[in-house]
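For this chain, numbers begin at 1 and follow the sequence in order.
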Amino acid sequence: MLTIDAQRFMARHESLAKWGATGKGGVNRPALSADETGARRELLDWARKRDFVCCVDPIGNLFVRRQGSSANALPIRMGSHLDSQMPGGNYDGVYGVLAAFEVLETLEDNAFAVDAPLELVIWNNEEGCRFPPTTMGSAVHGGSLSLDQALSAVDREGINVGQALERSLPALGSLTPVDLGSPCSGYIEAHIEQGPVLEALGLSVGVVSGIQGIAQFVFEVEGEEAHAGTTPRDKRKDALREAINLVEELASAIEHDDDVRFTVGKFEVAPGAINTVPAKVVFTLDLRHPNSEELARLIQVVLAMCSSPRRICGVQCRQVLNSPPVQFDAAVTALIADSCAKAGIETMTLPSGATHDAKHMAELCPSGMIFIPCRDGISHSDREHASAPDMIQGANILLASVVRLADLKHERV
């Protein structure tokens, strides 16, 4: 049975871990930063040494191609992302990139002929923590987010994605341009689970059935600055008090069942002086649900509550992401499960609570995902960790699944 080079795979992981290393086991590698650009360049250098073709699309997604034997076959893709939270873990995203690259290298080492080209995709700005929204690169490539909207997204320093790309791309060397939405025949993404299920059951691999829906909002609450010692309560337009009340009201109205995920992840107060009544608060809401109808209803609840005339401060609510739930292709999930069975690996089918680039690829082609466990289900943290045996096991299942997917595509041709 064909297997990956485990020693090389783990060495590659250790090498990329230096880019943005926090010293606590994690990385701080936001999209299009110098560290993420360095990690991208290092992987492209490895690819060029293997004579793989390196490409880029207009939003900065990178494609590393191992050519197939058929000139007419559409590519089969694998991939994930190299950007992290600020800070984040050293397995989220990078594991799937390196597993896919190891698949390409293993097939090349063994002169394994495949009709279809096989491509690793390194998606741009999956995390969305520097430039909202999340899964930006794959959303633009898949057509659910406009290129202009993505390029105009700004970070806290006022730098937009277009400017960041202009700074980053020249450092990556020569790249062949590819179009947005370029056709492909299948996609499989390997990723850490970012939850506790697989570890609790003692399983090394999970087959992902689909991804729950997500809506993200940015709120701006406008009050008035005033002196903390002289302004009576009934004369204040305290933006912080208004924002806190709004968060509590939203949570009370929305968190009515165990399937709801409600997270206020950012809260910025201005002017931020100890003796001044806050005049402005900006906060975010990440809202998730596995049912598309219920998610749509909750979105309307959020928008209605923000427009309430009872508020003493002005409230503006901007929805920056609306990503409905998706179910992965039944044939692809069955193929992954069968690859586990043939390898003698016990597995299970489970949904993903986190969103991933595979969600947008599912709109373009038959898609699926492979999960491996992470310790204590922790992710987006320096403490994020996946064991070497699980990483290797998951990469071998990715290899087997992609080879089988390529064979099936060949049979259909």
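- Looking at D357 and M136, their side chains never come closer than 4.5 Å, going by heavy atoms from C-beta outward.
- Atoms CH2 and CD, from W46 and E102 in turn, are 10.5 Å apart once rounded to the nearest 0.5 Å.
- The only member of R50, R66, K49 that meets salt bridge (Lys or Arg N to Asp or Glu O under 4.0 Å) when paired with E105 is R50.
- Between W123 and H360, the ring centre distance reaches or exceeds 6.0 Å.
- Panel note: side chain S15, backbone H13; no donor-acceptor pair is recorded below 3.5 Å.
- Looking only at distances, a side-chain donor or acceptor of R261 sits under 3.5 Å from a matching main-chain atom of D258.
- Interatomic distance, S204 OG to I372 CD1, rounded to the nearest 0.5 Å: 9.0 Å.
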* Worked check of side-chain contact (heavy atoms from CB on, under 4.5 Å) between I345 and I397 -> CA-CA 9 Å; I345 299 170; I397 293 301; 3.6 Å; yes

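- Residues E225 and K237 are not paired through a salt bridge, judged by the lack of any N-O separation under 4.0 Å between the basic side chain and the carboxylate.
- Between the side chains of D286 and T263, no donor-acceptor pair of N or O atoms lies under 3.5 Å.
- A side-chain donor-acceptor contact under 3.5 Å links S152 to the backbone of Q149.
- Counting only distance, with no hydrogens or angles, the side chain of T37 and the backbone of S33 share a donor-acceptor pair below 3.5 Å.
- Judged by distance alone, with hydrogens and angles left aside, the side-chain atoms of S401 form no donor-acceptor pair with the main-chain N or O of L398 at under 3.5 Å.
- Judged by distance alone, the side chains of T3 and N396 never bring a donor and an acceptor atom under 3.5 Å apart.
- Using a cutoff of 4.0 Å between basic side-chain nitrogens and carboxylate oxygens, R297 and E293 are not scored as salt-bridged.
- Annotation: F63 is in aromatic contact with H141 [ring centroid separation under 6.0 Å].
- A donor-acceptor pair is defined here as one N or O able to donate and one able to accept, closer than 3.5 Å; such a pair exists between the side chain of E384 and the backbone of D92.
- One side chain, W19 or E42, offers a donor N or O that lies under 3.5 Å from an acceptor on the other.
- Looking at E242, its side chain does come within 3.5 Å of a backbone N or O of I312 through a donor-acceptor pair.
- Between H385 and Y91, the ring center distance clears the sub-6.0 Å criterion.
- For R77 (side chain) and Y187 (main-chain N/O), no donor-acceptor pair under 3.5 Å exists by modelled atom type.
- Considering C313, C317, C306 in turn, C313 is the only one that fulfils the side chain to side chain contact (heavy atoms under 4.5 Å, CB included) rule with V221.
- Here the CD atom belonging to E36 is positioned 10.5 Å from the CD atom belonging to E127, to the nearest 0.5 angstrom.
- For the residue pair F217 and V320, the shortest heavy atom distance occurs at N-CG2, 4.3 Å.
- Other residues, nucleotides and ligands place more than 12 heavy atoms under 6.0 Å from the CD atom of E108.
- In this structure, K280 does not pair ionically with E224, as no charged nitrogen and carboxylate oxygen lie closer than 4.0 Å.
- No side-chain donor-acceptor contact under 3.5 Å links N291 and H289.
- With hydrogens and angles disregarded, a donor-acceptor distance shorter than 3.5 Å links the side chain of Y95 to the backbone of M391.
- Residue F131 holds its CZ atom at 4.5 Å from CG of D155, rounded to the nearest 0.5 Å.
- Listed for the T347 side chain is a donor-acceptor partner under 3.5 Å among the backbone atoms of V205.
- From D259, atom CG reaches atom CD of Q212 across 8.0 Å, with rounding to the nearest 0.5 Å.
- S80 and E189 share a donor-acceptor pair across their side chains, judged by distance under 3.5 Å alone.
- Expressed to the nearest 0.5 Å, how far CZ of R8 lies from CG of D5 amounts to 4.5 Å.
- When only modelled atom types and interatomic distance are considered, D109 and T106 share no side-chain donor-acceptor pair under 3.5 Å.
- Enclosure of atom CZ in R383 is not indicated, since only 12 or fewer non-hydrogen atoms of other residues, nucleotides or ligands lie within 6.0 angstrom.
- Put simply, the side chain of M369 reaches to within 4.5 Å of the side chain of H191, judged on heavy atoms.
- Considering only heavy atoms from C-beta on, F52 stays 4.5 Å or farther from L44 through its side chain.
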